Amino acid sequence: MEEKDFETFDFLINDEDEVMLLLYQREGEPENPHIEIDVEEKAALLYRNDNDILELNDISDDVLDSLQDADKLLVCELSRDNNNDEEGNEEIVYAYEAEIRD
């Protein structure tokens with residue numbers, strides 16, 4: 001995979017209208033993570049730690065609607081290893097909750 005492919009992210013919404021963010025593992029461990037959402041711009045900033053802030057753009061209306069009703073966002077960071085099984089399944093390296101702030 002090229003480096004730019006590791007910059008991708010995706011949101012999933014379960015039957016209880018809870019949102020999960022999937023992204024590839026970032027450098028350093030998450031510390032006091034939180035996310036700030038800009039509904040008008042359909043964007044958000046994920047603050048993983050003091051040194052790593054991710055800009056998330058083009059967030060769907062469904063995801064934004066679900067996030068507006070939530071206090072926390074579940075974040076799963078997937079391994080960057082190319083040594084995953086034959087089916088290409090990534091391993092979860094970090095799973096944490098990020099507080100949603102206005």
Side-chain angles (χ1 to χ4, degrees):
M1 260 200 230
E2 294 181 32
E3 185 63 31
K4 67 177 178 150
D5 294 332
F6 289 117
E7 297 300 319
T8 62
F9 65 91
D10 198 8
F11 287 98
L12 300 174
I13 304 173
N14 67 14
D15 292 338
E16 285 81 40
D17 202 36
E18 297 168 326
V19 181
M20 178 172 59
L21 170 62
L22 296 172
L23 52 96
Y24 283 100
Q25 179 182 2
R26 309 282 299 184
E27 196 169 314
E29 293 188 26
E31 288 183 29
N32 302 316
H34 67 277
I35 188 166
E36 295 177 0
I37 300 167
D38 185 339
V39 175
E40 290 182 20
E41 294 294 323
K42 296 186 178 188
L45 292 175
L46 174 64
Y47 294 81
R48 286 186 70 249
N49 57 41
D50 291 340
N51 301 316
D52 192 9
I53 302 169
L54 279 83
E55 187 174 336
L56 309 171
N57 294 305
D58 300 319
I59 300 173
S60 74
D61 290 333
D62 291 342
V63 169
L64 290 171
D65 288 344
S66 295
L67 288 173
Q68 286 182 316
D69 296 332
D71 296 326
K72 297 187 187 250
L73 169 68
L74 177 60
V75 181
C76 290
E77 295 187 26
L78 306 174
S79 68
R80 291 178 171 230
D81 288 343
N82 290 329
N83 301 329
N84 297 313
D85 65 28
E86 295 173 7
E87 297 175 8
N89 294 329
E90 287 90 0
E91 179 181 310
I92 295 174
V93 179
Y94 297 114
Y96 54 92
E97 290 183 336
E99 179 185 356
I100 298 174
R101 298 183 183 170
D102 295 330

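Below, each value reflects all heavy atoms present in this structure, side chains not excepted, and no hydrogens, waters or symmetry copies. It should be emphasised that the depicted structure is a prediction, and the values quoted were computed from it without experimental measurement. We count residues from 1, following the sequence as given.
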Mind checking the [atom1]-[atom2] spacing from [X] to [Y]? Nearest 0.5 Å is all I need.
| X | Y | atom1 | atom2 | answer |
| --- | --- | --- | --- | --- |
| E31 | D50 | CD | CG | 7.0 Å |
| L78 | L22 | CG | CG | 5.5 Å |
| L73 | F11 | CG | CZ | 6.0 Å |
| E40 | L64 | CD | CG | 11.5 Å |
| F9 | E55 | CZ | CD | 9.5 Å |
| L67 | D17 | CG | CG | 9.0 Å |

Hey, mind stepping through L56 and L21 against side-chain contact (heavy atoms from CB on, under 4.5 Å) and telling me if it holds? CA-CA 10 Å; L56 309 171; L21 170 62; 3.9 Å; yes
Quick one: list whatever passes side chain to side chain donor-acceptor pair (under 3.5 Å) with D52, sequence neighbours left out. R26, R48
Does D58 have more than 12 heavy atoms from other residues, nucleotides or ligands lying within 6.0 Å of its CG?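 Counting neighbours around CG of D58, 12 or fewer heavy atoms of other residues, nucleotides or ligands fall under 6.0 Å, so no.
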Could you go through the side-chain contact (heavy atoms from CB on, under 4.5 Å) check for T8 and Y24 one step at a time? CA-CA 7 Å; T8 62; Y24 283 100; 3.8 Å; yes
D61/K42 under side-chain contact (heavy atoms from CB on, under 4.5 Å): CA gap, chis, key distance, verdict: CA-CA 8 Å; D61 290 333; K42 296 186 178 188; 3.0 Å; yes
Do you reckon [X] sits in the same ILVMFWY cluster as [Y], going by side-chain contacts under 4.5 Å, direct or chained?
| X | Y | answer |
| --- | --- | --- |
| Y47 | Y94 | no |
| I100 | I59 | yes |
| Y96 | I37 | yes |

Using every non-hydrogen atom in the two residues, find where [X] and [Y] come nearest and quote the distance to one decimal.
| X | Y | result |
| --- | --- | --- |
| V75 | A98 | CG2-CB, 4.2 Å |
| S66 | I13 | OG-CD1, 3.8 Å |
| Q68 | V39 | NE2-CG2, 3.1 Å |

Stepwise side-chain contact (heavy atoms from CB on, under 4.5 Å) check, L23 with L46: CA-CA 11 Å; L23 52 96; L46 174 64; 4.0 Å; yes
Sequence neighbours excluded, which residues qualify as side-chain contact (heavy atoms from CB on, under 4.5 Å) partners of A95? C76, I92
